[in-house]
Amino acid sequence: MSAPTRTGLAITTHGLVHIYHADGHDLAALSGVDLRVASGEIVGLLGPSGAGKSTLLTLCGGLLRPSAGTIRIGPNDLAQMDESALDRFRATEVGIVLQGADRNVLPYVTARRNVDFAQRGARQHGREVPDASEVLDLVGILPLANAPLATLTPGQLQLAALAVGIAAYPGVLLADEPTSQLDHAARDTVLAAIREVNAQVGTTVLIVTHDPQVAAALPRTVTIRDGRVGGEGRSGQEYAVVSADGSLPLPPDALDRLPPGTLVRVHPESDGRWIIIPEEDGHGPA
Amino acid sequence: MTWAALRYRPAQALLLAVLTALVVGCAAFAPLYERALAQSLLRDGLSRMPPAATAIELTTSREQGARVRAERVREIFPTSLAGVYGPGVERWSGRVFVTGSQGVSTVTMWGSPTPCDGLVLDAGRCPQAPFEVLASTAEARLQGWAPGAVISAVEARGIASGPAFASPVTVVGTYTQDELSAGPWAGLRLGGRAGTMSAGLAPTPLMDALVTSDGTFAPDEQASSFVPGAPGWFQVAVSVTYPLNRDAISLESLDGIPAALSALGDEAARELPRIAVSSAVGDLADELAEGRRQVLVIVPLLMAQLALLGVVVLGLVAESAVEQRRPEAALSRLRGGGASGARRLLVAELGAAATVGAPLGLLGALGVTTLVRASWLAPGVPAELPWPTFAAAGLGLLLAWAAIIIAVGRVVREPVADLLRRVPSRQRGRRMGLVDAGVVGVSVAGVVALASGNLAGPLALATPALVALAVGIVLAHLLTPAATLIGRRSLDRGRLTATLTAVQIARRPAVRRIVTIITVAAALATFAVNALVVGQHNRELRARVETGAAVVLTTDSDDPAEVETALRQVDPAATKATPVAWIRQGSSDSITTMAVIPEEFARVADLAVDPAAFDLRPLQVAGTLPPVITGTRLSVTIGSSAIEELDEVGDAPQRAGEGPIFAVRLGKPGGAEQTLSLDPIPLTSSVPVVFTAEVDCPQGCSLLAIGVDRVGLDYRVLRGRFTITELRGDAGPPAAIGRPDTWIGSGDKNADVLAPYAVPGDLGSPTAVALDLLSARTGVRVTAKGAVGNLPAFVVGSLPPGTTSGGTFQGAGLDGIAVQFQPVGTLPYTPGGPSNVAIVSLRALLDRASTLAPVVGRLQVYLADTSFEAPVRDALGAQGISVTTTVRESDRQALYDGSASAWGLRLAVVVGLLAIVMAALVLVLVVTTAWRPRSRDYAALRMSGVPLAVLRRASALEQGTVVVVAGVAGILCGLLASRLALPMVPLFTRPSATFLADLRPAWSAVGGAAALVLGLLGVVAIVVGTRLVSRAIPARLRERL
């Protein structure tokens, strides 16, 4: 059976805020994230630990409710969806690959049966799903379809996790550190598989990664810093992103030179560029 | 996928299957055991009842002139009983006068179509023709009857007038009745009378029965009974006995017999002549019904609690298993399966494991029932599979499924993000879940209701387990903060082992499960063992109380002296055998007299309960006889008097100056009493005054009491003293009235208030006595201790109607004539007797018995041990005394040990053991299911430098502390449950009128159960704890899948 034609879903967030309660305090994991991922795009989410990358991914998967702002996956406004709608969404529209390959599979059945299991929800909601063999072939582990999972290498296990994530050929694939703890060869294999999925199925891919080499291999990266979009990377270039409220997060090296509280003048040039001119003493008038 | 999941965690699957098997097995075992026990009761009951008792006998009454027909008697026998009763056996009877060597005897002539069945023909042949008879061999020898002898037999018609049927009968043979239970003579004693005399004032010679064919009574042989001179029986009876077919009787058919018997009785009563229906099979049916009712209390009491424990354990095991499957539930939710999909995934796996256990449980129940049938039930109980077994097994499986579904439901409804957490969020603080709070609430309510007597039925039966469950839940919730506190303090003091132990206890959610289950298991084991031993103890005690001695022989003697003579031949020191006499009075509420030799009785009788109460020495004072006066004129000399008048407040003195009237009470031979009021005693006098009165005492009268009487409306209070210097009849010496200890005074002379009293005073003379008195409006007196009728008696039960204001009452003497008893104390029970008894001295009663009247009542011999029975029987036989019945403590105990209650309580052994096994299983399971993360923790501690020995100690202490705390709590709960629930447990099929059950804890059994629980679980805890540490290797820290 040939793969059903799918179109990836666009991801749009506007002012996305998520607050959680810990140790008696309310903490903001996301403080207003504006993000646009076009349909069929592959985007990497970068940022330091605790920046909110995994939280953003989790929100996109409908696993958490935003505290404020909007989040749309394709036509689906996740904040307005009830639990049964979210179940349907997770079954048919989004595939999630959790960090750690073993957390994505039932350890006592083969890769093939794991893919079957992952497709159950979609079948129950009337969605046409590809054959499990096709999915496994797409990620490159068809020969290992019936092998016990305990016999697979870490890279093969990650591919199996990827296959489970795309089992229903979802519109969006959310992958949390899909290449962590893999050697270079395995990492490259997994990335290649992700690109193949994107190319064949058209799935929009959002990947959380710490690995700069992985980031370098992705066409676009978004850096999350302190719960907000801190910058983007495209075609090897790093950009700061002007947020909806007009603020402009500085890259880390600029932030070193211009610490918070520094007065700067933003001066347009005739050629369309804008320059930032810090005050001599670097601080406001007395 | 389900099968793959089961194979992935085979140990868990096996454990779930085993626990479900236990729950299903417990549920299924209850109806299996109930049925087997009922069958056992039936077989045991039948074995104890002779065939004559279970037969149904229909007998016509001896209506004068009525024609009796066996066919009519047979016609009314219900066809519904035809399946379980054999064909009826006819038996005819008539009474005839036969003149023998010792005079005329009234002899019963018995007839049957098969007269020789059940008899041994010692000479001659069996009767065939009418009026041919068999005589007993002993009678024939006594009368000189040989086969062929013709004897005259005139029908004994009593006071009926008219000619009696008289036909010579021919003795054609002689018989001995060897087998009481066989043939038409089942239940009849045809012999045993030859050469004996009847009892009573005019004894007559007795004869053994004559046996003939039914032709002697056949109606065809009878002409009209009212035609003068015509032959024919005037009064015959025919009975048809239907023997119970013991191979065909079943529980169901036995259930129907009482109703059929009742209907038969109603129809028989409408017949003319009236037909009497007799059978003891109704008693068997009643006993069986009562036994089954008791089983329905005991078996569920034990098995339901075990099943409840099993469900709790299963629930907690399921909870533990579900916790391990959080990632799988998360995956299912993650892939859009929703909570229902996750539920289906987990329930399919866990439910499949449980379902596999169900048939195993059913098989196990069948196996245990088979074992029980072979070991402690009556022989011959069939293997049966009653339909409630399957229903109960199904219920057990449903409960197992319900436990699994509840455990799964709680997890799958959690948010997906929480399910995805590697470490579930912990509830801080002491908040109790809704289910836990509900269980605690129900348990507290149940205990209160049970303690106040407002709870009965199934919930009451489960209360002991609920109590332990509630305590276990509360203890589990308290243990965590307590361990946290101890851990913190130990850390401050630098005590590493204690810190590790406390912290481990505080941080493990599994600790709550272990504490709860061990508490319930220990409580159940304690309760079960205590119930078993208390039941055994009470059966033994009751047997001993109701028997009274190791062996009790009832004799046919009416002479206590000859019985005692026989006993002293073989027991000169009177340490092993003693005579006891029982005399009952006519009315049902009268008191029975038990006459004993006090010092012997205390040595020989088995005083099972409260032996210290049986100090019978006060009975021996009965040896003192009362003073006697003889003659027709009584004279009393008042030596001196000093009596003052005390007015009632506000009243003018009445009869001022007049002293109280001197009075005596006399007892005459034969028991009659007479009170004489003589003359007023001077208030103050130092000069002797003599009073006289006519009396009727030529043979001697006993002086029962002396005192004063008051006459008319005399409200004065008179207080003082007078002396009697002589009291005598004109035909005898002065009465021996001088010893104050031979008088029983009344009231208290030294009381602070003015209250009547009469107290004897010593004048130093055997024939003179002083009397200190206070009399207010009525007379006062002192009573002779050794007075005729005032026999000291210990009372068991309440004082009978007619007890005087002085506390004396009438009881029966050895000759049946009333004797006055004076209570000297009470006893808690009568060894070997009923509850309304006066125990007196046999010798004293003998002194008072008339020599003219024979001893009535029953003479028994109490034996201290069974080995003495044969010599005593021989000694009695040598005196010509026969033993009519024998009662042994061992037989009585065997009877109680074969009851529904005893068999039911034996389940306690099974229950106790299984409870402990379950707790041990849980201990092993909870540790082994989490062994990877726990051993990783220990590995990390090792890497940090904690010595292996410290880790071992801490791990062992962690498990051991939980076991000890929960075990002790459980044992205490078991004792509380015993106090609450044991009164509900029927210990006997029939309640006792004399025996009060002792429900105090069997401390030795409780101690044993406690040692077993703590010991076994402690060992398991230490072993799993130390093995866990042995797997704490550094490589464990790198493990993933």
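Below, chain A is the first sequence line, B the second, and so on; all start at residue 1.
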Step through the shown structure and confirm whether more than 12 heavy atoms of other residues, nucleotides or ligands are within 6.0 Å of CZ on A:R123.
-> yes
Looking at B:L331, B:L334, B:V416, which hits side-chain contact (heavy atoms from CB on, under 4.5 Å) with A:I96?
-> B:L334
Could I get the full list of ring pair (Phe, Tyr, Trp, His ring centres under 6.0 Å) partners for A:F89, not counting sequence neighbours?
-> none
Chain B contact residues among residues 62-83 of chain A, heavy-atom distance under 4.5 Å | A:L63, A:L64, A:E83
With a 4.5 Å cut-off on heavy-atom pairs, point out which of [options] contacts chain B the most.
{"options": "A:T92, A:N104, A:L86, A:V109", "value": "A:N104"}
{"options": "A:L106, A:T58, A:D87", "value": "A:D87"}
{"options": "A:A91, A:G95, A:G165", "value": "A:A91"}

Does some side-chain heavy atom of A:N114 sit less than 4.5 Å from a side-chain heavy atom of B:R335?
-> no
Would you find a donor on one side and an acceptor on the other, under 3.5 Å apart, between the side chain of A:R103 and the backbone of B:L420?
-> yes
Under 4.5 Å from a heavy atom of chain A, the part of B:R333 involved = both
Residue pair A:Y108 / B:M1: nearest heavy atoms and the distance that separates them | CE1-O, 3.9 Å
Chain B heavy atoms under 4.5 Å from A:V105: which part of the residue, side chain, backbone, both or neither?
-> backbone
Bottom line for A:R113: the part with an atom under 4.5 Å from chain B's heavy atoms is both
When heavy-atom pairs shorter than 4.5 Å are enumerated against chain A, which of B:S332, B:G337, B:P415 gives the highest number?
-> B:S332
